[in-house]
Number of protein chains: 2
Amino acid sequence: MGASKADFFTKEQNDLASLFKAMSHPARIAIIQYLLSVDSCICGDIVNELPLAQPTVSQHLKELKNAGVIQGNIDGTAICYCLNLETMQKIQHYFGEISSKLQKKCC
Amino acid sequence: MGASKADFFTKEQNDLASLFKAMSHPARIAIIQYLLSVDSCICGDIVNELPLAQPTVSQHLKELKNAGVIQGNIDGTAICYCLNLETMQKIQHYFGEISSKLQKKCC
DNA sequence: TTATTATATCGTAATATTGCAATATAATAA
DNA sequence: TTATTATATTGCAATATTACGATATAATAA
């Protein structure tokens, strides 16, 4: 046996888990924070910002993009990555709902 | 080589990644949603709510507790688990900050 | 055309996660 | 005391993730 019983859970549960999994690695958090720190979205130097090899960074960027955390647009020879505002707002809203429901309870 | 280069990232980056990792499995999302759906926090029947064996559920609960997503209090022979409001609010705030910074940018 | 530059993909070794049977622990009941 | 009930821990097989060298792709420059 081992990993993955995804079929027994709802699509919503699997989708949320995938979204959090995309952000469950410090390198990917670092990418998110870096994209937030630069003024524009033209960011061809993410590789130089991280203590990881170029293929590893490329792989992390792909995971963030697949999960909808970032968006990537081709810009000549470089790729222009930026955070996906809609996804960030969706997560904020999800935890806002949880927080307000929780406040009406015992703990 | 393989997994884990945690030493090269900041404590904040590692802590955030751990928090999201705790929520990166559909079974753990299902636990969060179930804890939210019951009125009180006396929940000795989480095992019956999930399509997983008791040791597996116990392991998932431990991970959620270690990450601060849930709190567990001993209640006689049962354990009383409930969501950690402070953690939920912290996540909401983090993505609120990201969203408002993003809105001042190009994309 | 041949560099050069930037990013992606492949292949694979190291490591981590997942799930559960078996077993242990702890509290209460009989 | 011996059940019974509820939860935790151990050990291990199956699977997934991580990291990167090697290589591929694609755009521009010389």
Side-chain angles (χ1 to χ4, degrees), chain A residues 1-9 13-14 17-31 34-35 38 41-67 69-82, chain B residues 1-9 13-14 17-31 34-35 38 41-67 69-82:
Chain A
M1 326 271 152
S4 133
K5 272 222 167 185
D7 293 350
F8 293 105
F9 299 101
Q13 288 165 346
N14 281 304
S18 295
L19 184 55
F20 296 131
K21 179 174 279 180
M23 298 187 294
S24 72
H25 192 286
R28 295 197 287 270
I29 295 292
I31 289 172
Y34 177 68
L35 288 179
V38 291
C41 291
I42 297 131
C43 2
D45 52 354
I46 297 178
V47 171
N48 303 317
E49 291 292 320
L50 295 174
L52 297 169
Q54 180 268 324
T56 309
V57 174
S58 183
Q59 193 174 263
H60 284 307
L61 288 167
K62 187 181 177 183
E63 284 178 61
L64 287 170
K65 192 176 176 182
N66 286 342
V69 176
I70 65 175
Q71 295 168 301
N73 306 302
I74 294 169
D75 175 33
T77 182
I79 298 281
C80 163
Y81 280 117
C82 59
Chain B
M1 326 273 151
S4 131
K5 271 223 169 184
D7 292 350
F8 293 105
F9 298 100
Q13 288 164 346
N14 281 302
S18 296
L19 184 55
F20 296 131
K21 179 174 279 179
M23 299 187 293
S24 73
H25 192 286
R28 296 198 286 270
I29 295 292
I31 289 172
Y34 177 67
L35 287 179
V38 290
C41 290
I42 296 129
C43 2
D45 53 353
I46 298 178
V47 170
N48 304 317
E49 292 292 322
L50 296 173
L52 297 169
Q54 180 269 323
T56 308
V57 174
S58 183
Q59 192 174 265
H60 283 309
L61 286 167
K62 188 181 177 184
E63 284 178 63
L64 287 170
K65 192 176 177 182
N66 285 343
V69 175
I70 65 175
Q71 295 168 301
N73 305 301
I74 295 168
D75 176 33
T77 182
I79 299 281
C80 164
Y81 280 116
C82 58

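Computed from a prediction, not measured in an experiment: that's the story for all the values here.
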D/dT18 P sits how many Å from B/Phe8 CZ, rounded?
17 Å
Of all heavy-atom pairs linking B/His60 and B/Ile31, the shortest is CB-CD1, 3.9 Å
Could you run down the sub-3.5 Å N/O contacts of the protein with nucleotides 8-11 of chain C?
residue : atom : partner : partner atom : Å
C/dA8   : OP1  : A/Tyr81 : OH           : 2.8
C/dA8   : OP2  : A/Ser58 : OG           : 2.9
C/dA8   : N7   : A/Gln54 : NE2          : 2.7
C/dA8   : N6   : A/Gln54 : OE1          : 2.9

Identify the heavy atoms of A/Met23 and B/Phe20 that sit nearest to each other, and give their distance.
O-CD1, 3.3 Å
Please state how far atom NE2 in A/His25 lies from atom P in C/dT15, giving the value in whole angstrom units.
14 Å
Considering only C/dG19, D/dT18, D/dA19, which nucleotide approaches the side chain of A/Leu52 most closely?
D/dA19
Nearest heavy-atom pair of B/Leu35 and B/Tyr81: which atoms, and what distance?
CD2-O, 3.6 Å
Could you state the atom-to-atom distance from CE of B/Met23 to P of C/dT18 in whole Å?
14 Å
Rounded distance in Å - CZ (B/Phe9) to P (D/dT18):
11 Å
Can you check whether B/Lys21's main-chain N or O pairs, donor with acceptor, with B/Arg28's side chain at less than 3.5 Å?
yes
Here the distance between atom P of D/dT7 and atom NZ of B/Lys65, to the nearest Å, is 12 Å
Exercise: identify the closest heavy-atom pair between B/Leu64 and B/Ala22:
CD2-O, 3.5 Å
Rounded to whole Å, how long is the line connecting atom NE2 of A/His60 with atom P of D/dT18?
6 Å
Roughly how many Å is it from CD1 in A/Ile31 to C1' in D/dT18, rounded to a whole number?
13 Å
Do the side chain of B/Ser18 and the main chain of B/Asn14 share a donor and acceptor less than 3.5 angstrom apart?
yes
Nucleotide C/dA16, atom P - distance to CZ of B/Phe20 in whole Å
22 Å
Paired with C/dC10 by Watson-Crick or G-U wobble geometry, both distances under 3.5 Å: which nucleotide is it?
D/dG21
Are B/Phe9 and A/Leu50 close enough that some pair of their side-chain heavy atoms sits under 4.5 Å apart?
yes
Of the listed nucleotides C/dT17, C/dT18, D/dT17, the one nearest the side chain of B/Lys21:
C/dT17
Who does C/dT5 pair with, Watson-Crick or G-U, both distances under 3.5 Å?
D/dA26
